[in-house]
Amino acid sequence: MVFSERLKELREQKGLLQRQLASALEIDTPMYSRIERGERKAKREQVILLAKLLDTDETALIQLWLADKVYDVLAEEDCASGVLNMVAESIREYGK
């Protein structure tokens with residue numbers, strides 16, 4: 001599930017309006033709506049705040065957000081799978 005879909009799902013589960021989350025993020029409602037539709041990317045700080053506001057696991061939400069960012073970079077590349085394998089190997093060898 002992509003970040004924007006999960007974000008909408010969590011918001012609806014909490015019974016919150018887009019304008020409420022937009023206000024908490026200090027952005028306008030149309031901007032928040034674009035984030036929820038996947039037309040605009042949230043900033044990391046916003047993702048962290050959204051996790052708190054939506055009472056969800058911060059790490060899981062950040063993982064979805066990062067996965068979307070990686071997908072945006074690699075989606076059109078023929079060698080995407082190979083690149084991801086190389087990154088995974090580098091993380092195992094050098095990463096956290």
Side-chain angles (χ1 to χ4, degrees):
M1 178 178 292
V2 295
F3 174 77
S4 59
E5 291 171 354
R6 182 68 177 141
L7 192 57
K8 181 178 181 179
E9 180 182 277
L10 289 167
R11 178 184 59 77
E12 289 175 345
Q13 286 174 359
K14 285 288 192 185
L16 296 170
L17 301 172
Q18 287 184 341
R19 65 181 160 85
Q20 291 172 296
L21 292 178
S23 176
L25 295 174
E26 298 180 356
I27 59 176
D28 61 22
T29 303
M31 174 85 67
Y32 177 82
S33 180
R34 286 191 291 277
I35 291 171
E36 202 170 272
R37 289 192 314 266
E39 297 170 2
R40 183 165 179 99
K41 300 299 177 197
K43 297 176 183 170
R44 184 182 193 91
E45 307 81 46
Q46 293 171 325
V47 176
I48 292 167
L49 181 54
L50 284 165
K52 289 180 177 97
L53 295 168
L54 296 169
D55 193 31
T56 194
D57 182 60
E58 181 180 312
T59 300
L61 203 57
I62 288 175
Q63 285 175 341
L64 284 174
W65 175 75
L66 286 170
D68 276 1
K69 290 175 71 115
V70 171
Y71 179 82
D72 288 344
V73 171
L74 294 178
E76 302 298 320
E77 299 295 334
D78 292 334
C79 60
S81 293
V83 171
L84 289 174
N85 289 335
M86 291 171 69
V87 170
E89 181 61 34
S90 292
I91 289 170
R92 282 191 291 276
E93 189 171 337
Y94 307 108
K96 296 179 182 181

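All values reported here derive from a predicted model rather than from experimental measurement. We use all heavy atoms of the structure for the numbers below, so side chains are in, but hydrogens, waters and symmetry mates are not.
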Does a side-chain heavy-atom distance below 4.5 Å link Glu77 with Val83?
no
Would you kindly confirm whether Met86 and Leu66 end up in one hydrophobic cluster when ILVMFWY residues are joined by side chain heavy atoms under 4.5 Å apart?
no
Heavy-atom distance under 4.5 Å between the side chains of Leu64 and Val47, does that happen here?
no
Taken to the nearest 0.5 Å, the spacing of Glu39 CD from Lys41 NZ works out to 10.5 Å
Gap separating the CZ atom of Arg11 from the CG atom of Leu17, nearest 0.5 angstrom:
7.0 Å
Single-linkage hydrophobic cluster, 4.5 Å side-chain cutoff, Tyr71 and Leu74 together:
no
Would you call Ile35 and Ile27 a side-chain contact if the rule is heavy atoms closer than 4.5 Å?
yes
Less than 4.5 Å apart, any side-chain heavy atom of Leu7 and any of Trp65?
no
Flag the pair Glu45 / Leu49 as yes when at least one side-chain heavy-atom distance between them is below 4.5 Å, and no otherwise.
no
More than 12 foreign heavy atoms under 6.0 Å from CG of Asp57: is that the case here?
yes
Side chains of Ile48 and Arg44, heavy atoms from C-beta outward: is any pair under 4.5 Å?
yes
Decide yes or no for Thr56 and Arg6: does some side-chain heavy atom of the first lie under 4.5 Å from some side-chain heavy atom of the second?
yes
Between Lys8 and the options Gln13, Gln18, Glu36, the side-chain contact (heavy atoms from CB on, under 4.5 Å) test singles out Glu36
Within the supplied structure, the quantity of interest is the number of heavy atoms (other residues, nucleotides, ligands) at a distance under 6.0 Å from Glu26 CD; does it exceed 12?
no
Could you check if a side-chain atom of Leu84 sits within less than 4.5 angstrom of a side-chain atom of Val70, using non-hydrogen atoms only?
yes
